[in-house]
Trainee: 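Mind looking over this structure? Questions follow.
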Amino acid sequence: MQRSTVHLVRHGEVHNPEGVLYGRLPEFHLSDLGRRMAAQMAGHFEERRRSGANIVHLVASPLVRAQETAQPVAEALGLDITTDPRIIEADNRFEGMSRIKSRLRQPRYWPLLVNPFRPSWGEPYAQQAERVLAGVQDARRRAVERAGDTSDRPAEAILVSHQLPIWVTRLAAEHRRLWHDPRQRECTLTSITSIDFVGDTIERVRYAEPCADLLPGAANVPGA
C-alpha cells in the first residue's frame with residue numbers, strides 16, 4: 001500500500017510585545033526571530049528534498065503568521081501554498097486579552113473554567129482534532145496523487161498550523177486522551193509533528209525541532 005507522511009508544522013515566533021493571547025486575531029505577524037525560524041525550518045525541508053524526500057504539497061492556515069512561516073518553504077521547494085481553514089487556530093473566549101493568569105483570579109471569568117476537559121473556554125478539543133485530521137487526510141491524498149505511481153518514495157505534505165490544534169491532533173492520532181496540561185505540550189515554535197501513513201491508516205507519529213537552537217529566549221505566548 002502507498003506510504004505517505006504529513007508534517008504538521010507550528011508557525012514561528014510572533015511579534016507580540018503586549019503578550020496578547022492572539023488566537024484567530026488578524027495581523028499578528030512573525031517577529032524577526034520568527035522569520036529566522038521559518039527560514040531555518042525551510043532549509044531543513046530543502047535538505048530533506050535533496051536527500052530524496054518526495055515533498056510535493058504545502059498547506060497553511062489562513063492566519064498571517066502561518067502564511068508567513070509557509071512562504072520560505074514554498075520558495076525553497078518550489079511549491080504553491082494551499083490555504084485550508086480547517087487547520088486554523090482554536091477558538092478561545094480569552095482571545096485578545098493579556099495577563100491571562102491574573103484574569104483567571106477574577107470571579108467574572110470563572111464560568112469559563114467550569115469544564116477544563118472540554119474545554120469550556122473555547123472550541124472543544126475533539127472538534128479541533130476532527131477538523132485538523134480531515135485536513136491531514138485531504139493533504140495526504142493530494143500528495144499521493146501528485147507523487148503518482150512512478151516513485152517508490154513516500155509522498156509527503158507539509159501543513160503549517162498552530163500549537164493547540166497540532167497537539168490535540170497528535171493526541172488523537174496516538175489514541176490518547178485529549179484533555180491535558182497546556183504546559184506539557186510537546187510542540188515548540190517551528191517544530192514538526194510528522195504523521196506517517198500506510199494507505200489511509202496512521203502508522204506512527206514522530207516529532208522534531210529543527211530550530212531548537214533558536215528557541216532559548218523566544219516569546220512563546222500560545223494562541224489558545
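Residue numbers run from 1 in the order of the sequence given. From a predicted model like this one, the values you see are computed outputs, not experimental measurements.
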Trainee: May I have the step-by-step check of side chain to side chain donor-acceptor pair (under 3.5 Å) for Tyr125 and Glu123, ending in yes or no?
Mentor: CA-CA 6 Å; Tyr125 295 138; Glu123 182 183 9; over 6 Å; no

Trainee: Using a distance-only test with no angle check, is there a side-chain donor-acceptor pair under 3.5 angstrom linking His57 and Arg146?
Mentor: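 Yes, Arg146 and His57 have a side-chain donor paired with an acceptor closer than 3.5 Å.
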
Trainee: Can you name the side-chain contact (heavy atoms from CB on, under 4.5 Å) partners of Glu68, sequence neighbours left out?
Mentor: His29, Leu30, Arg35, Val64

Trainee: Would you mind listing every ring-ring contact (aromatic ring centres under 6.0 Å, His included) that reaches into residues 85-113, with sequence neighbours excluded?
Mentor: Phe94-Tyr109

Trainee: Of the options Ile166, Thr190, Thr193, which is the one that meets Arg10 in a side-chain contact (heavy atoms from CB on, under 4.5 Å)?
Mentor: Ile166

Trainee: Decide whether a cation-pi geometry holds between Arg177 and Trp179; the criteria are a distance under 6.0 Å from NZ or CZ to the six-membered ring centre and an angle within 45° of the ring axis.
Mentor: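 The answer is yes; both the distance and angle limits are met.
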
Trainee: Which residues pass the side-chain contact (heavy atoms from CB on, under 4.5 Å) test with Thr169, not counting sequence neighbours?
Mentor: Leu8, Val132, Leu133, Ile195

Trainee: Taking CD in Glu130 as the centre, count heavy atoms belonging to other residues, nucleotides or ligands within less than 6.0 Å. Is the count above 12?
Mentor: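 No.
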
Trainee: Please give me the minimum heavy-atom distance between Val6 and Val136, naming the atom from each residue.
Mentor: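 For Val6 versus Val136, the nearest heavy atoms are CG2-O, 3.7 Å.
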
Trainee: If hydrophobic residues (ILVMFWY) are linked whenever their side-chain heavy atoms come closer than 4.5 Å, directly or via other members, who joins Leu77 in its cluster?
Mentor: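 Its cluster partners, ordered by chain and number, are Val9, Met41, Phe45, Ile55, Leu58, Val73, Leu79, Ile81, Ile158, Val160, Ile192.
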
Trainee: Given Gln71 and Glu75, is the side chain to side chain donor-acceptor pair (under 3.5 Å) satisfied, shown in steps?
Mentor: CA-CA 6 Å; Gln71 188 58 46; Glu75 294 170 0; 3.3 Å; yes

Trainee: Can you list every pair that meets ring-ring contact (aromatic ring centres under 6.0 Å, His included) and has a residue in residues 186-206, with sequence neighbours left out?
Mentor: none

Trainee: Hey, is CD on Glu18 packed in by over 12 heavy atoms from elsewhere, all under 6.0 Å?
Mentor: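 No, because the 6.0 Å sphere around CD of Glu18 holds 12 heavy atoms or fewer from other groups.
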
Trainee: Name the one of Glu13, His15, Arg65 that satisfies side-chain hydrogen bond (donor to acceptor under 3.5 Å, both in side chains) with Ser31?
Mentor: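 Result: among Glu13, His15, Arg65, Glu13 is the only option passing the side-chain hydrogen bond (donor to acceptor under 3.5 Å, both in side chains) with Ser31.
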
Trainee: Aromatic rings His180 and Trp167: how do their planes relate, parallel, tilted or perpendicular, breaks at 30° and 60°?
Mentor: perpendicular

Trainee: Mind checking side-chain contact (heavy atoms from CB on, under 4.5 Å) for Arg204 and listing every partner two or more places apart, or none if nothing turns up?
Mentor: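 Scan of Arg204 (side-chain contact (heavy atoms from CB on, under 4.5 Å), adjacent residues dropped) gives Asp196, Arg206.
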
